[in-house]
Amino acid sequence: MFFNGLLACLPVVGGLLSAHLLSKKAGIEVEVGWPCSGPLLRMAEEAARKLLPAFQTPTGMPYGTVNLLHGVNPGETPVTCTAGIGTFIVEFATLSHLTGDPVFEDVARKALKALWKNRSDIGLVGNHIDVVTAKWVAQDAGIGAGVDSYFEYLVKGAILLQDKELMSMFLEYNKAIKNYTKFDDWYLWVQMYKGTVSMPVFQSLEAYWPGLQSLIGDVDNAMRTFLNYYTVWKQFGGLPEFYNIPQGYTVDKREGYPLRPELIESAMYLYRATRDPTLLELGRDAVESIEKISKVDCGFATIKDLRDHRLDNRMESFFLAETVKYLYLLFDPDNFIHNDGSDFDVVITPYGECVLNAGGYIFNTEAHPIDPAALHCCRKRKEEQWEVEDLMREFYSLKKNKKFTLKQASERDEGESTKDATDASSGGEKRNSKKSSHSLLSCPSQSFNSKLAVLGQVFLDNT
């Protein structure tokens, strides 16, 4: 069976990982060692391993299609879209952190860096590239189809992994995008080497961009662009696949609206950032339009032509998986997904106590939420344990009325490490654990001197 690597990773691997991490919250009995083990995690790992042969190229950029049994077909085209190369880091890094196998994150990072290395002199990337020669085949640069989720995953990967390099890469792209593709809060398509306009169109897939801008704090620009897109929605009762900006009308043979989620996704993110009631109005308009135009006996049909609201005999899977989900979350401010850290769960893993469900969920581009705290529950590297121990020594040394010296704390830590190692080898529940040089995750519902949490790893004050 042949699979598009991107389409296999996002809904299959991403869906399995998300379901794995949410399974305990859903009331499912999980196995000992969860979230570092479990049947859904093993299925995700098995599926991801079948995609790894696609990354075996001279550039590290993956082929677009892989045979799940035999690997890459010898006659497979080396031409892959930019998004198909750069949209693995969320799922693959999560998988590496949960399983302890770095290969998944490594190949995803290498692909991201290969695209970065091959950007043009003016800082743009094209639409399709040869993954063997690194030559750009389609040189249109923009934020829409064929490129979109590459930019999305630089931001979401940076947030998920607290990775300054990924964020720096996106911010540099963002400068070039503003310089060469932005006109009156619209984003056009331009030639990647010259910056000249090649297509003055807005694609419905580009409507994710305001939501992405809100994630980096650029809310004002995000709202202005969002309002442009919203005017198109109000004009037609949906977003056409292509919209000619100078003419203010649909593009021939691109008049349909398959109930895509991107504009509603942006509304959800922006509403969380601004509480602007305009965003709820968009949500209301979306619900009313979909109900009035698309609802049929067996579901909600794709709108074949927004000009006369003719329907097609199909309903895309992303309508339920994404569009309805983002609408629901837009109108449900108390949903656990929106948790601000005031509520959380503490679970026991083979590597110590771990905080989960504290919020900050990262949605993959198919709207599967990933709990970022889970990535820090299963780390096994000894050097990370030492870093945490150093942090704990510093914490205790700063206490005003400490009853022991730093030397005594160090000796106690060493003794506990030895004891924990013994407990772990004999099937014990706890072992002091990890994490690295990232920022602290605090738990507002508890005083600081009660617990210290380092990105999901909780340490009791009295231990």
Side-chain angles (χ1 to χ4, degrees), residues 5-6 54-55 57-64 76-89 108-155 157-158 165-210 212-213 216 218 221 225 228 241-247 251 254 262 365:
L6 177 62
F55 291 85
T57 66
T59 63
M61 295 184 284
Y63 284 96
E76 175 64 29
T77 176
V79 177
T80 306
C81 72
T82 304
I85 294 167
T87 313
F88 289 89
I89 190 66
R109 283 186 178 276
K110 187 175 181 180
L112 288 174
K113 292 179 179 180
L115 286 171
W116 172 252
K117 178 182 177 181
N118 286 286
R119 70 195 186 281
S120 70
D121 290 341
I122 61 174
L124 298 172
V125 290
N127 202 275
H128 284 75
I129 192 171
D130 187 311
V131 300
V132 174
T133 65
K135 300 296 183 183
W136 289 101
V137 177
Q139 299 180 1
D140 292 313
I143 61 171
V147 185
D148 47 5
S149 52
Y150 170 47
F151 296 135
E152 179 186 357
Y153 269 41
L154 285 175
V155 172
E165 182 182 23
L166 296 182
M167 184 59 75
S168 176
M169 290 162 66
F170 174 78
L171 294 177
E172 285 300 311
Y173 278 130
N174 196 35
K175 290 178 185 177
I177 288 166
K178 287 182 177 180
N179 287 338
Y180 294 102
T181 76
K182 186 178 180 181
F183 295 87
D184 295 331
D185 298 311
W186 294 95
Y187 292 86
L188 313 182
W189 288 84
V190 302
Q191 211 282 339
M192 66 176 288
Y193 292 105
K194 300 177 182 178
T196 53
V197 175
S198 58
M199 290 190 298
V201 300
F202 157 60
Q203 299 177 352
S204 63
L205 285 170
E206 297 171 12
Y208 77 98
W209 189 257
L212 196 65
Q213 289 177 299
I216 63 169
D218 192 5
N221 281 317
T225 296
N228 278 349
E241 293 287 69
F242 281 28
Y243 179 82
N244 188 300
I245 297 170
Q247 294 179 3
V251 174
R254 292 292 187 273
E262 283 76 16
T365 199

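Count residues from 1 along the sequence. These values consider heavy atoms only, across backbone and side chains, with no hydrogens, waters or symmetry-generated copies. Remember, predicted model here, so these are calculated numbers, not experimental data.
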- Note on the structure: In terms of heavy-atom contacts, L112 and G86 come closest through CD2-O, 3.5 Å
- Does the side chain of W189 reach to within under 4.5 Å of the side chain of I143, using non-hydrogen atoms? no
- Item | Residues E206 and W186: side-chain donor-acceptor under 3.5 angstrom | no
- Do M199 and V190 touch side chain to side chain, with heavy atoms closer than 4.5 Å? no
- Message: Using 0.5 Å steps for rounding, measure from the CG atom of L115 to the CD1 atom of I129.
- Response: 6.0 Å
- Query: Among Y243, F202, F242, which residue meets the side chain to side chain contact (heavy atoms under 4.5 Å, CB included) test with V251?
  - Reply: F242
- Would you find a donor on one side and an acceptor on the other, under 3.5 Å apart, between the side chain of Q191 and the backbone of Y193? yes
- Contact summary for I89 and G157, nearest pair of heavy atoms: CG2-CA, 4.1 Å
- What's the spacing between Y208 OH and E262 CD if we round to 0.5 Å? 9.5 Å
- Closest non-hydrogen atom pair between A114 and M61, with its separation: CB-CG, 3.5 Å
- Rounded to the nearest 0.5 angstrom, the CG-CG distance for L212 and D218 is 10.0 Å
- Y153 (side chain) donor-acceptor with T365 (main chain) under 3.5 angstrom: yes
- Task: State, with a plain yes or no, whether a side-chain heavy atom of E165 is found less than 4.5 Å away from one of K113.
- Result: yes
- Task: For the residue pair W136 and M192, establish whether any side-chain heavy-atom pair is separated by less than 4.5 Å.
- Result: yes
- Is there a donor-acceptor contact under 3.5 Å from the side chain of N118 to the main chain of V125? no
- Task: State, to 0.1 Å, how close P62 and A111 come at their nearest heavy-atom pair, and which atoms those are.
- Result: CD-CB, 4.0 Å
- Side chains of W209 and E152 in contact at under 4.5 Å (non-hydrogen atoms): no
- Message: Would you say that more than 12 heavy atoms from the other residues, nucleotides or ligands in this model lie under 6.0 Å from the NZ of K110, or not?
- Response: no
- Query: Just by modelled atom types, is the A145 backbone N or O under 3.5 Å from a matching donor or acceptor in the N127 side chain?
  - Reply: yes
- Distance, nearest 0.5 Å, that separates CD of Q213 from CZ of F151: 12.5 Å
Would you tabulate the side-chain donor-acceptor contacts of residues 167-175 under 3.5 Å, counting partners in other chains and residues two or more places apart, or write 'none'?
unit_1, atom_1, unit_2, atom_2, d
E172, OE2, K175, NZ, 3.3
Y173, OH, Y150, OH, 2.8

- Approximate separation, where rounding is to 0.5 Å, of K194 NZ and S120 OG: 12.5 Å
- Item | T82 side-chain N/O to G126 backbone N/O, donor-acceptor pair under 3.5 Å | yes
- Considering all heavy atoms, the nearest Y63-P78 contact: CE2-CA, 3.8 Å
- Query: Does the T59 side chain pair with the main chain of V132, one donor and one acceptor, at a distance under 3.5 Å?
  - Reply: no
- Note on the structure: Separation between CG (N244) and CZ (R254), nearest 0.5 Å, reads 13.5 Å
- Query: When you measure from the side chain of S149 to the backbone N and O of T87, does any donor-acceptor pair fall under 3.5 Å?
  - Reply: no
- Task: Would you sort out whether D185 and T225 count as a side chain to side chain donor-acceptor pair (under 3.5 Å), showing the intermediate values?
- Result: CA-CA 5 Å; D185 298 311; T225 296; 4.6 Å; no
- Message: Which heavy atom of I85 sits nearest to which heavy atom of T80, and what is that distance?
- Response: CG1-CG2, 3.8 Å
